[in-house]
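Below is one structure, written out as C-alpha cells, with a few remarks after it.
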Amino acid sequence: MLNLIEVTDFSAPDLDVYARLTENQLFHYYEPEEGLFIAESPKVIARALDAGYEPVSFLLERKQAKGQAREILARCEGIPVYVADPEVLARLTGFKLTRGALCAMRRRPQLKVKEICTGACRVAVLENVMNPTNIGAIFRSAAALNMDAILLTPGCCDPLYRRAIRVSMGTVFQIPWTYLGKKTVDWPQAGMKLLQELGFETAAMALSEQSVSIRDQRLAAAKRLAIVLGTEGEGLATDTIASCDYTVRIPMAHGVDSLNVAAASAVAFWELGGKICRT
C-alpha cells in the first residue's frame with residue numbers, strides 16, 4: 001500500500017534531504033555509517049533498486065505516483081512518498097524535477113579494489129576528474145562499451161552526486177567502481193603498484209613524443225589493461241604518465257590537439273574495451 005504524503009509544510013525535517021542539505025551533508029548524513037544520495041527519474045531510481053540500494057523516501061510529482069513511478073513504488077511498500085504539483089516541488093527544491101521523481105537512498109560501503117578487479121580485463125582509472133557531468137558521461141560510456149570496472153583517485157568527484165548519477169543514466173549502479181586509496185598520497189605510487197600486482201598493464205591517455213597510437217596491437221593484445229584518464233584541464237600528472245607502461249594518443253585531424261575527457265574515454269573504451277579477458 002502506498003504511503004502518500006502531501007507536501008504542505010516546506011520546513012518539515014523529512015524534506016531536508018531534498019530542500020536544504022548539500023551533497024556533502026548528504027554524504028555524511030548517517031556518519032559514521034554511510035550517508036545518503038539522491039537518485040533522479042524513474043529509470044535511474046529503478047536501476048539503483050536493481051543494484052540493491054535501499055530507498056529512504058520519495059519526492060514525486062503527483063501524477064507520477066500512478067504514472068512512470070508506479071512500478072518502482074510497488075517495489076518499496078511502506079516507504080514515505082511525498083507528492084505535490086510540479087510548481088510546488090520546484091519551489092521546494094529550487095529546480096524542476098527530471099521526469100518528476102526524486103528518491104533519497106542509502107549509500108553502501110565502498111568496495112575493495114581487489115574485489116572489483118577479480119576477473120576484470122579492462123578497467124578505467126580516473127585521475128582527479130572533478131566535473132560531475134564528465135564523471136557521469138564516462139560511467140555511461142564505460143558501461144556501454146565493455147569496461148569491467150572504474151577506479152577513481154581520491155581527487156575525483158563522487159559518482160553518487162545527483163548530477164553525475166543523472167548524466168550517467170543510472171549506469172553508476174551497473175558498473176563496479178571504487179577509489180584507489182583514501183588520500184591523495186595514495187596515487188600514483190601505491191595505486192600503480194596495486195594495479196601491477198593485480199596483473200594490469202597501464203595505458204596513460206596523453207599526448208607526448210613517446211605516445212603510441214590507440215590502435216597499437218600491443219594494447220589490444222594485453223590480457224589485462226587499465227586505461228588511465230586525467231582531469232579536465234591539465235590532463236594526467238607527469239608522474240602518472242611516467243609510471244604507466246604505455247602513453248597512448250587518439251589520432252586527430254584539423255589541428256585539434258585533444259578531446260574532452262568524457263569524449264576521449266568513449267573513444268578509448270570503444271577501441272580497447274572487451275567482453276572477455278584475453279587468454
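Numbers here simply count residues along the sequence, with the first being 1.
Side-chain contact between Tyr179 and Pro159 is present, with at least one heavy-atom pair separated by less than 4.5 Å. Counting heavy atoms from C-beta outward, Tyr161 and Ile135 have side chains that stay 4.5 Å or more apart. In this structure the side chain of Val56 never reaches within 4.5 angstrom of the side chain of Met105, judged on heavy atoms. With contacts defined as side-chain heavy-atom distances shorter than 4.5 Å, the pair Arg122/Asn146 does not qualify. Considering only heavy atoms from C-beta on, Thr202 comes within 4.5 Å of Met192 through its side chain. Here the side chains of Cys244 and Val228 are in contact, with some heavy-atom distance below 4.5 Å. Between Cys121 and Asp148 the shortest side-chain heavy-atom distance falls below 4.5 Å. Using a 4.5 Å cut-off on side-chain heavy atoms (C-beta onward), Arg62 and Glu6 make contact.
Taking the charged nitrogens against the carboxylate oxygens, Glu54 and Arg106 do have a contact shorter than 4.0 Å, which makes a salt bridge. Look at Asp50 and Arg75 and you find a salt bridge, because one of the NZ, NE, NH1 or NH2 atoms lies within 4.0 Å of a carboxylate O, short of that distance.
Expressed to the nearest 0.5 Å, how far CG of Leu207 lies from OG1 of Thr247 amounts to 10.0 Å. Between atom CD1 of residue Ile150 and atom CD1 of residue Ile227 there is a gap of 10.5 Å, rounded to the nearest 0.5 Å. Leu89 contributes atom CG, which lies 5.0 Å from atom CG of Leu59 (distance to the nearest 0.5 angstrom). Atom CD1 of residue Ile5 and atom CG of residue Leu60 lie 11.0 Å apart, to the nearest 0.5 angstrom. We find the CD1-CH2 distance between Ile214 and Trp270 to be 12.0 Å, quoted to the nearest 0.5 Å.
A 6.0 Å sphere centred on CD of Gln217 holds no more than 12 heavy atoms belonging to other residues, nucleotides or ligands. A 6.0 Å sphere centred on CZ of Arg108 holds more than 12 heavy atoms belonging to other residues, nucleotides or ligands. Residue Gln25 qualifies as enclosed at atom CD: its count of foreign heavy atoms under 6.0 Å is above 12. Other residues, nucleotides and ligands contribute at most 12 non-hydrogen atoms within 6.0 Å of the CD atom of Glu33. Heavy atoms from other residues, nucleotides or ligands lying under 6.0 Å from CZ of Arg99 number 12 at most. Within a 6.0 Å sphere centred on CZ of Arg70, heavy atoms belonging to other residues, nucleotides or ligands number 12 at most.
Hydrophobic cluster membership differs between Met147 and Leu236, with clusters built from Ile, Leu, Val, Met, Phe, Trp and Tyr side chains linked at under 4.5 angstrom. No continuous path of hydrophobic side-chain contacts links Phe27 to Leu102 [ILVMFWY only; heavy atoms under 4.5 Å]. By the rule that hydrophobic residues join a cluster once side-chain heavy atoms approach within less than 4.5 Å of another member, Val167 and Val261 end up as members of separate clusters. Under the 4.5 Å side-chain heavy-atom criterion for Ile, Leu, Val, Met, Phe, Trp and Tyr, Leu229 and Ile175 are members of the same hydrophobic cluster. Connection of Leu26 to Val172 is not established within any shared hydrophobic cluster, with ILVMFWY side chains joined at heavy-atom distances below 4.5 Å, either directly or through further cluster members.
Within the 3.5 Å criterion, the main-chain N or O of Pro154 finds no donor-acceptor partner in the side chain of Trp187. The backbone N or O of Ala206 sits less than 3.5 Å from a side-chain atom of Ser211, completing a donor-acceptor pair. The main-chain N or O of Glu87 is never found under 3.5 Å from a side-chain atom of Asp85 such that the two would form a donor-acceptor pair. A side-chain donor-acceptor contact under 3.5 Å links Ser168 to the backbone of Ile165. With hydrogens and angles ignored, the 3.5 Å screen pairs no side-chain donor or acceptor of Thr240 with any backbone N or O of Pro188.
Judged purely by distance below 3.5 Å, without hydrogens or angles, the side chains of Thr153 and Glu127 never pair a donor atom with an acceptor atom. Looking only at atom types and distance, the side chain of Thr171 has no donor-acceptor partner in the side chain of Arg47 under 3.5 Å away. No hydrogens or angles considered: nothing links the side chains of Asp216 and Tyr246 as a donor-acceptor pair under 3.5 Å.
When all heavy atoms of Ala104 and Val17 are compared, the closest pair comes out as CB-CG2, 4.1 Å.
Residues that satisfy the ring pair (Phe, Tyr, Trp, His ring centres under 6.0 Å) test with Phe37, not counting sequence neighbours, are Tyr53, Phe173.
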